[in-house]
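Structure record follows, encoded as structure tokens.
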Amino acid sequence: MHATRFLGSMVIAALACAPGSAAAADMAMRGSLPTVSASESTSMNWGGFYGGIHVGAGATNFDLQSAARSEARQALNGTIFMPQASSTGTTTATPADQLIRVERAARNSALLGGFVGYQWQFDDAVIGLEGDYTNLLSNKQGTGAFSTAWTGYTESSTVTSWIRQYGNVSTTLRDYGTLRGRAGWATGRFMPFVTAGIAFGRGDVSVTYNREIQRVDSTTNAVIS
């Protein structure tokens, strides 16, 4: 703003000092100045490339229980420990995987990443495409352990099968990114917009699942196998 005022002062001084009468110079100067509306003076061009980096902190909530239960379902599929719903909609016992309880692991991490995008402007309408990438610098892993009590499942009128489950689960998130489209409406230096897209990430899930099973004669309480 200061540079603009200084340039304007220099132009006015040059015109005032030009050969000819002062009145004529003053009339020419007034006639040559354009009229600028308030909307034109505040218009912005939102089109083009943009990019940058971001640094910050975030929180990651690792769902360890879902990973452990998924492993149990695969290991016990087709056995009496995973009873199916009957025709009446009831089950004879709780599926064994539902007995597993693992606390979620919450981790706070430092984040570093970047973003880049391009926007097209059509009058006041602005559309664009943006992508970003973020790397977790610390606390990338959540771990937990689980152990269930002995639980009996009726195998027949004389045999009950008992199961105990235990193990460890670990989930790692290394980095993630997003690819989004955006649409906005420019109002001078302010542009509200909406955005939607897809997110992706890299990570690992490791589950150590163990089980112990005993078949017991219900009449004698003797272990069969």
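Below, all heavy atoms of this structure are taken into account, side chains as well, without hydrogens, waters or symmetry copies.
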**Derivation and outcome, side-chain hydrogen bond (donor to acceptor under 3.5 Å, both in side chains), residues Glu155 and Thr160** = CA-CA 5 Å; Glu155 184 175 336; Thr160 301; over 6 Å; no
**Request:** Under the side-chain contact (heavy atoms from CB on, under 4.5 Å) rule, what do Arg73 and Gln98 come out as? Steps first, then yes or no, please.
**Result:** CA-CA 9 Å; Arg73 281 193 296 270; Gln98 299 300 308; 4.3 Å; yes
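- In the model, Ser161 has no side-chain atom that pairs as donor or acceptor with a side-chain atom of Gln214 under 3.5 Å.
- Exactly one residue among Asp132, Thr134, Ile198 makes a side-chain contact (heavy atoms from CB on, under 4.5 Å) with Thr178. That residue is Asp132.
- Rounding to the nearest 0.5 Å gives a distance of 6.0 Å between CZ of Arg174 and OG1 of Thr172.
- Contact detail for Asn108 and Ser138: the closest heavy-atom pair is O-OG, 4.4 Å.
- Side-chain contacts under 4.5 Å among hydrophobic residues (ILVMFWY), followed directly or transitively, place Tyr209 together with Phe62, Leu64, Leu76, Ile80, Phe81, Met82, Leu99, Ile100, Val102, Leu111, Leu136, Phe146, Tyr153, Ile163, Val169, Leu173, Tyr176, Val205, Val207, Ile213.
- Between Met44 and Gly188, the shortest heavy-atom contact is CG-O, 3.1 Å.
- Gly167 and Asn210 get closest at one heavy-atom pair: CA-ND2, 4.2 Å.
- Here OG of Ser156 is found 7.5 Å from CZ of Arg215. Values are rounded to the nearest 0.5 Å.
- Look at Lys140 and Asp175 and you find no salt bridge, because none of the NZ, NE, NH1 or NH2 atoms lies under 4.0 Å from a carboxylate O.
- Here the CZ atom belonging to Arg101 is positioned 13.0 Å from the OG atom belonging to Ser147, to the nearest 0.5 angstrom.
- Between the Thr151 side chain and the Ala149 main chain, a donor and an acceptor come within less than 3.5 Å of each other.
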**Worked check of side-chain contact (heavy atoms from CB on, under 4.5 Å) between Met191 and Trp185** = CA-CA 6 Å; Met191 185 186 72; Trp185 191 264; 5.6 Å; no
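- There is no path of hydrophobic side-chain contacts, each under 4.5 Å, that joins Val116 to Leu179.
- For Asp217, the salt bridge (charged side-chain N to carboxylate O under 4.0 Å, His left out) criterion is met by no residue, not counting sequence neighbours.
- Looking at Thr195, its side chain never comes within 3.5 Å of a backbone N or O of Arg182 through a donor-acceptor pair.
- Between Ala72 and Gln165, the shortest heavy-atom distance links the atoms CB-OE1, 3.9 Å.
- Within the 4.5 Å cutoff, the side chain of Arg104 has no heavy atoms near those of the Gln65 side chain.
- Judged by distance alone, the side chain of Gln119 and the main-chain N or O of Gly48 form no donor-acceptor pair under 3.5 Å.
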**Asked** Do Trp162 and Glu212 pass the side-chain contact (heavy atoms from CB on, under 4.5 Å) test, and can you show the C-alpha distance, the side-chain angles, and the key distance before you say yes or no?
**Response** CA-CA 8 Å; Trp162 294 78; Glu212 294 181 23; over 6 Å; no
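- Residues Leu129 and Phe122 do not share a hydrophobic cluster, clusters being chains of Ile/Leu/Val/Met/Phe/Trp/Tyr side chains in contact below 4.5 Å.
- The number of heavy atoms from other shown groups lying within 6.0 Å of CD (Glu103) does not exceed 12.
- Formation of a donor-acceptor pair under 3.5 Å by the Arg189 side chain with backbone atoms of Ala186 is not found in this model.
- In terms of heavy atoms, Gln121 sits closest to Val126 at CG-CG2, 3.9 Å.
- When all heavy atoms of Ser218 and Asn221 are compared, the closest pair comes out as O-OD1, 4.0 Å.
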**Asked** Under the side-chain contact (heavy atoms from CB on, under 4.5 Å) criterion, do Gln74 and Arg69 qualify, and how do the steps go?
**Response** CA-CA 9 Å; Gln74 294 182 42; Arg69 288 183 173 182; over 6 Å; no
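- You'll find the side chain of Thr171 stays beyond 4.5 Å of the side chain of Asp204, heavy atoms only.
- Other residues, nucleotides and ligands place more than 12 heavy atoms under 6.0 Å from the CG atom of Asn61.
- For an aromatic pair to be called close, the ring centres must be under 6.0 Å apart, and Trp120 with Tyr118 satisfies this.
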